[in-house]
Participant: 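Sharing a structure, written as structure tokens. Questions coming.
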Amino acid sequence: YGGAGIAGNSASANATPFTVTLFHNGGVGARPDKDGLSATAFPSGVRNTPVEINEAISPILVRRKEYREDSGGPGRHRGGLGQIMEIGNIEGAAFTVSSMFDRVNYAPRGRLGGADGACGRSILSSGEVLAPKGRQIVPAGDTLVLDMPGGGGYGPAFAREPALVAADIRDGLVSAEAAARDYGVVIKRGAIDEAATKKRRQGRVKENVGADFDFGPEREAWEAVFDDATMLPDRVLGSTERTDSDLREGRGVFCRVIPE
């Protein structure tokens with residue numbers, strides 16, 4: 001939103017006032033038998049508001065809107081891609097954004113050996129990184145760039161059909177570098193190098209299989225500090241020792257009793 005006095009900048013004194021809600025999404029996680037949906041909300045399945053609608057009712061201009069290459073988590077079935085959007089004020093005035101972004105610090109997780117999707121981020125074209133939550137100002141002449149997260153992959157990436165990887169490269173969804181690194185598929189002169197791919201994948205399918213669900217290093221670092229022993233309550237106030245049943249049923253008010 002923007003206009004006189006809203007963005008906290010005297011340069012916006014004559015700017016057109018507006019408030020608009022943008023509804024745009026990252027990618028959905030891969031499914032057991034299919035790739036994830038790109039730029040689609042879960043679980044609603046809602047895709048995106050056409051940018052022309054937002055531009056018609058406000059002075060914003062969407063300078064760029066495209067799939068975010070390599071953002072879908074590698075897997076036998078690839079996670080859906082996020083998208084990149086660059087948004088500015090057509091009048092060149094400052095404007096304010098109320099950020100409500102998720103999957104910025106914690107990546108969308110893969111499953112059954114599938115890799116994580118890419119984390120999201122919001123930045124200014126001038127380079128400043130914005131917080132994922134809260135009210136923030138985009139200065140006059142600057143633009144907001146949203147890199148939306150991709151969905152996690154499903155199954156080991158080295159088991160994905162090479163032809164599907166090659167198709168993703170042709171469609172601009174996966175880079176040739178990521179294909180070789182994450183899928184073991186080598187592309188030369190626009191075609192699959194069968195010998196190089198076989199050599200690169202040799203013995204890697206089993207190695208590429210992880211746990212059923214991996215929360216990743218960020219969550220592990222969190223758990224190292226805020227583990228169950230620290231966070232779970234020990235007693236019910238005004239009651240006897242709490243039980244697992246109490247916790248499951250939500251009975252009582254719990255607090256942590258710190259030993260002396």
Side-chain angles (χ1 to χ4, degrees), residues 24-40 42 47-48 50-51 62-87 103-104 107-123 125 127 143 145-211 214 216-217:
H24 300 280
N25 310 285
V28 177
R31 296 160 285 183
D33 57 353
K34 294 180 181 178
D35 293 342
L37 298 172
S38 296
T40 303
F42 177 84
R47 292 183 71 83
N48 298 272
V51 298
V62 179
R63 299 177 181 272
R64 180 164 52 129
K65 188 177 190 293
E66 60 190 36
Y67 282 139
R68 186 183 173 194
E69 188 180 60
D70 294 335
S71 60
R76 182 192 300 269
H77 302 295
R78 174 184 42 72
L81 271 70
Q83 58 183 317
I84 300 174
M85 292 184 64
E86 183 176 356
I87 304 166
R103 291 301 180 188
V104 173
R109 301 305 176 199
R111 189 172 181 193
L112 291 176
D116 298 345
C119 285
R121 67 172 184 166
S122 56
I123 62 174
S125 57
T143 57
V145 181
L146 302 175
D147 292 342
M148 301 182 204
Y154 190 101
F158 274 55
R160 184 170 175 81
E161 288 293 334
L164 296 178
V165 179
D168 284 344
I169 294 174
R170 288 194 298 271
D171 292 339
L173 308 181
V174 174
S175 66
E177 294 77 15
R181 180 188 66 238
D182 299 330
Y183 294 94
V185 176
V186 180
I187 303 293
K188 289 186 178 180
R189 300 182 184 88
I192 299 170
D193 185 323
E194 300 285 355
T197 295
K198 182 178 180 180
K199 181 178 179 180
R200 195 173 187 90
R201 285 188 159 195
Q202 190 70 36
R204 289 292 303 278
V205 172
K206 291 183 179 179
E207 294 176 17
N208 200 225
V209 178
D214 183 5

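Numbers here are sequence positions counted from 1.
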Participant: Under the side chain to side chain contact (heavy atoms under 4.5 Å, CB included) criterion, do Leu112 and Arg76 qualify, and how do the steps go?
Facilitator: CA-CA 10 Å; Leu112 291 176; Arg76 182 192 300 269; over 6 Å; no
Participant: Could you measure the distance from the CG atom of Leu146 to the CD atom of Glu86? Nearest 0.5 Å is fine.
Facilitator: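 CD of Glu86 is found 9.5 Å from CG of Leu146.
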Participant: Keeping the roles fixed (side chain from His77, backbone from Arg31), state whether a donor-acceptor pair exists under 3.5 Å.
Facilitator: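 Not a single qualifying donor-acceptor pair exists.
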Participant: Does the side chain of Ser175 pick up a donor-acceptor pair with the side chain of Glu69 at under 3.5 Å?
Facilitator: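 No, no side-chain donor-acceptor pair sits under 3.5 Å.
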Participant: Heavy atoms only: give me the nearest Gly117-Ala107 pair and the separation to one decimal.
Facilitator: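 Of all heavy-atom pairs spanning Gly117 and Ala107, the closest is O-CB, 3.5 Å.
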Participant: Can you tell me how far the OG1 atom of Thr143 sits from the CE atom of Met85, to the nearest 0.5 Å?
Facilitator: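 So the OG1 of Thr143 and the CE of Met85 are separated by 12.0 Å.
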Participant: How long is the gap from CG on Leu173 to CG on Asp70, to the nearest 0.5 Å?
Facilitator: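 Leu173 atom CG to Asp70 atom CG measures 9.5 Å (nearest 0.5 Å).
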Participant: Over all heavy atoms of both residues, which pair between Ala39 and Tyr67 is shortest? Give the atoms and the distance, please.
Facilitator: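 Looks like CB-CE2, 4.2 Å.
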Participant: Can you list, pair by pair, the side-chain donor-acceptor contacts under 3.5 Å of residues 161-169, counting residues two or more places apart and other chains?
Facilitator:
from	atom 1	to	atom 2	distance (Å)
Asp168	OD1	Arg78	NH2	3.3
Asp168	OD2	Arg78	NE	2.9
Asp168	OD2	Arg160	NH2	3.2

Participant: Under the rule for side chain to side chain contact (heavy atoms under 4.5 Å, CB included), what residues qualify as partners of Val186, not counting sequence neighbours?
Facilitator: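 In terms of side chain to side chain contact (heavy atoms under 4.5 Å, CB included), with neighbours along the sequence ignored, Val186 is linked to Lys188, Asp193, Ala196, Thr197, Arg200.
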Participant: Distance check, rounded to the nearest 0.5 Å: Asp182 atom CG versus Glu177 atom CD?
Facilitator: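 Rounded to the nearest 0.5 Å, the CG-CD separation comes to 11.0 Å.
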Participant: Nearest heavy-atom pair of Pro108 and Ala118: which atoms, and what distance?
Facilitator: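 Smallest interatomic distance, heavy atoms only, reads CD-O, 3.8 Å.
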Participant: Which pairs with one or both residues in residues 146-156 pass side chain to side chain donor-acceptor pair (under 3.5 Å), sequence neighbours excluded?
Facilitator: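 Checked against side chain to side chain donor-acceptor pair (under 3.5 Å) - neighbours excluded - the pairs reaching residues 146-156 are Arg121-Asp147.
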Participant: Looking at every non-hydrogen atom in both residues, tell me the closest pair between Asn25 and Asn48 and how far apart they are.
Facilitator: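 Smallest interatomic distance, heavy atoms only, reads N-OD1, 3.4 Å.
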Participant: Quick one: does any side-chain atom of Ser38 pair with a main-chain N or O of Leu81 as donor and acceptor, under 3.5 Å?
Facilitator: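 Indeed, once roles are kept as given, a pair shorter than 3.5 Å links the two residues.
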Participant: Output the distance between atom CE (Met148) and atom NE2 (His24), rounded to the nearest 0.5 Å.
Facilitator: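 Those atoms lie 6.5 Å apart.
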Participant: For Gln83, which of Arg68, Lys65, Glu66 qualifies under side-chain hydrogen bond (donor to acceptor under 3.5 Å, both in side chains)?
Facilitator: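 Checked Arg68, Lys65, Glu66 against Gln83; only one passes side-chain hydrogen bond (donor to acceptor under 3.5 Å, both in side chains): Lys65.
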